[in-house]
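For reference, the structure discussed in these notes is given below.
Quick caveat, the model's predicted, so the values are computed rather than measured.
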There are 2 protein chains.
Amino acid sequence: MNKTFRPTESELEILSILWDKENATVREVHEVVQKTKDVGYTTTLKLMQIMNEKGLVTRNVSSKTHIYTPTLKKEKAQEQFVGKMIQTLFSGSTSQLVMQALGKHKPSDSDLAEIKSMIQKLERK
Amino acid sequence: MNKTFRPTESELEILSILWDKENATVREVHEVVQKTKDVGYTTTLKLMQIMNEKGLVTRNVSSKTHIYTPTLKKEKAQEQFVGKMIQTLFSGSTSQLVMQALGKHKPSDSDLAEIKSMIQKLERK
DNA sequence: GATTGCTTACGAATATAATCGTATAAAATA
DNA sequence: TATTTTATACGATTATATTCGTAAGCAATC
């Protein structure tokens with residue numbers, strides 16, 4: 001079994017910061033959050049405490065300043081959100097999602113090459 | 001200018017039904033909603049009334065039973081959600097999203113061919 | 001040792017989303 | 001025409017998410 005987490009918008013923002021840094025203190029996270037949102041320190045603290053209760057993160061409490069680590073893996077979250085999006089917005093069609101993404105946000109040439117080789121691999125299956 | 005709507009989860013579900021049917025009455029929408037969620041008719045009604053206030057849908061009131069039409073276009077919603085997802089979950093990398101999608105949900109051969117031709121078009125740009 | 005600053009804990013306020021019950025009117029039907 | 005069915009309107013409740021103020025403890029600095 002593998003519980004499916006459904007992080008809220010704010011939680012997702014914090015998670016993406018944690019994914020970036022591997023792990024971090026509330027202050028470190030808050031410093032990044034502040035760049036985009038104007039909220040108080042205790043707001044970020046509270047959110048991270050709630051995320052801990054939900055099991056989205058764990059924390060190391062051995063020193064006064066706690067260190068938070070995400071338990072939900074980035075890949076898992078990507079999988080969940082992409083899957084959900086394909087269902088609700090693209091009528092279950094992966095290719096439609098891919099076309100939309102490529103059309104609106106063109107990747108670099110090397111990225112295109114990478115995608116191409118992936119498609120070739122898929123075709124051989 | 002072009003206001004960016006941010007439909008909630010329930011609103012998105014209703015929108016996807018409306019996109020499918022072009023337009024529909026509350027009862028028609030509710031019948032589909034009921035297949036997945038166990039909620040009362042007035043809940044669906046209320047949601048659609050709120051969506052009307054927000055401008056997510058318009059409605060034709062000329063007969064007793066109102067007919068609702070989505071104003072937010074499916075393509076626009078796709079664009080918004082895909083863009084947001086690329087930013088928050090894929091560090092701004094379109095190709096990463098594409099790879100994830102292709103890896104987890106393999107499209108049909110004809111869809112793959114379609115994607116391939118799209119890539120070729122992009123390469124020429 | 002007293003003061004200042006940083007940290008967590010936690011209750012409470014506020015905002016937003018979702019749900020439903022009831023009233024009322026129109027239409028369908030008995 | 002009386003009754004039943006179906007629709008909207010809308011207030012109220014409940015659930016969930018977000019925000020912040022304040023208390024208390026610890027540590028660095030004065």
Margin query: Using side chain to side chain contact (heavy atoms under 4.5 Å, CB included), reason through B/Ile86 and B/Phe81 one step at a time and then give a plain yes or no.
Written below: CA-CA 9 Å; B/Ile86 290 175; B/Phe81 277 89; over 6 Å; no
Check: Do A/Leu56 and A/Leu72 touch side chain to side chain, with heavy atoms closer than 4.5 Å?
Finding: yes
Checklist line | Interatomic distance where CD belongs to B/Glu9 and P belongs to C/dA18 [whole Å] | finding: 7 Å
Note to self: Side-chain heavy atoms nearer than 4.5 Å, only ILVMFWY residues, links allowed to pass through others: does that put B/Phe90 and B/Val98 together?
What the structure shows: no
Checklist line | Distance, rounded to the nearest Å, where A/Met48 contributes CE and C/dT8 contributes C1' | finding: 12 Å
Next item on the list: Kindly indicate whether the side chain of B/Val82, heavy atoms from C-beta on, has any atom under 4.5 Å from the side chain of A/Leu89.
Entry: no
Checklist line | Interatomic distance where CD1 belongs to A/Ile67 and C1' belongs to C/dT8 [whole Å] | finding: 14 Å
Checklist line | Heavy-atom closest contact (A/Ala101 atom, B/Thr94 atom, distance) | finding: O-CG2, 3.7 Å
Check: With no hydrogens and no angle check, is any side-chain donor or acceptor of A/Gln80 less than 3.5 Å from a backbone partner on A/Ala77?
Finding: no
Item checked: Value in whole Å for how far the C1' atom of C/dA17 lies from CD of B/Gln49 -> 15 Å
Next item on the list: Say whether, by atom type as modelled, one donor and one acceptor occur between the side chain of B/Ser91 and the main chain of B/Ser93 under 3.5 angstrom.
Entry: no
Next item on the list: Compare side-chain N and O positions of B/Ser10 against OP1 and OP2 of C/dA18 and report whether any pair is under 4.0 Å apart.
Entry: yes
Checklist line | Range on DNA chain D touched by chain B, heavy atoms, distance below 4.0 Å | finding: D/dT6 to D/dG11
Next item on the list: Please tell me which of B/Lys46 and B/Tyr41 maps to the more 5' nucleotide of DNA chain D, matching each residue to the nucleotide holding its nearest heavy atom.
Entry: B/Tyr41
Notebook entry, point to check: Atom CG of A/Asn60 and atom P of C/dT8: how far apart are they, to the nearest Å?
Noted result: 12 Å
Checklist line | d(CG, B/Leu45; P, C/dT19) in whole Å | finding: 13 Å
Margin query: Any base atoms under 4.0 Å from A/Thr43, or only sugar-phosphate, or nothing? Heavy atoms, all strands.
Written below: base
Notebook entry, point to check: Is the closest side-chain heavy-atom distance between A/Asn60 and A/His66 below 4.5 Å?
Noted result: no
Notebook entry, point to check: Reckon B/Arg6 touches a base, only the sugar-phosphate, or nothing at all at heavy-atom distances under 4.0 Å?
Noted result: nothing
Note to self: Counting only heavy atoms and a strict 4.0 angstrom limit, can you tell me which residues of residues 26-40 of chain B come near DNA chain C?
What the structure shows: B/Lys37, B/Val39, B/Gly40
Next item on the list: Identify whether any heavy atom of A/Glu11 sits under 4.0 Å from a base atom; if not, whether one sits that close to sugar-phosphate; answer base, sugar-phosphate or nothing.
Entry: nothing
Next item on the list: Can you tell me which residue pairs pass the salt bridge (Lys or Arg N to Asp or Glu O under 4.0 Å) test with a partner in residues 89-99 of chain A, sequence neighbours excluded?
Entry: none
Next item on the list: Write down the distance between CZ (B/Phe5) and C1' (C/dT16), rounded to a whole number of angstrom.
Entry: 18 Å
For nucleotides 22-29 of chain C, print each protein N/O atom paired with a nucleotide N/O atom at under 3.5 Å, atom names and distance only.
| from | atom 1 | to | atom 2 | distance (Å) |
| --- | --- | --- | --- | --- |
| C/dA26 | N3 | B/Lys64 | NZ | 3.3 |

Notebook entry, point to check: In whole angstroms, how far is the C1' atom of C/dT8 from the CG atom of A/Asn52?
Noted result: 12 Å
Name every donor-acceptor pair, under 3.5 Å, that has one atom in a side chain of residues 32-52 of chain B and the other anywhere in the protein, sequence neighbours excluded.
| from | atom 1 | to | atom 2 | distance (Å) |
| --- | --- | --- | --- | --- |
| B/Thr36 | OG1 | B/Glu13 | OE2 | 3.2 |
| B/Thr36 | OG1 | B/Val33 | O | 3.1 |
| B/Thr44 | OG1 | B/His30 | ND1 | 2.7 |

Considering only distance and modelled atom types, tabulate donor-acceptor pairs under 3.5 Å from the side chains of residues 104-117 of chain A, sequence neighbours left out.
| from | atom 1 | to | atom 2 | distance (Å) |
| --- | --- | --- | --- | --- |
| A/Lys104 | NZ | B/Glu79 | OE1 | 3.4 |
| A/Lys106 | NZ | B/Leu122 | O | 3.3 |
| A/Ser108 | OG | A/Ser110 | OG | 3.3 |
| A/Ser108 | OG | A/Asp111 | N | 3.2 |
| A/Ser108 | OG | A/Asp111 | OD2 | 3.3 |
| A/Asp111 | OD2 | B/Ser95 | OG | 3.3 |
| A/Lys116 | NZ | B/Glu123 | OE1 | 3.4 |
| A/Lys116 | NZ | B/Glu123 | OE2 | 3.0 |
| A/Ser117 | OG | A/Glu114 | O | 3.1 |

Item checked: Nearest heavy atoms of B/Tyr68 and B/Arg59, plus distance in Å -> OH-NH1, 3.0 Å
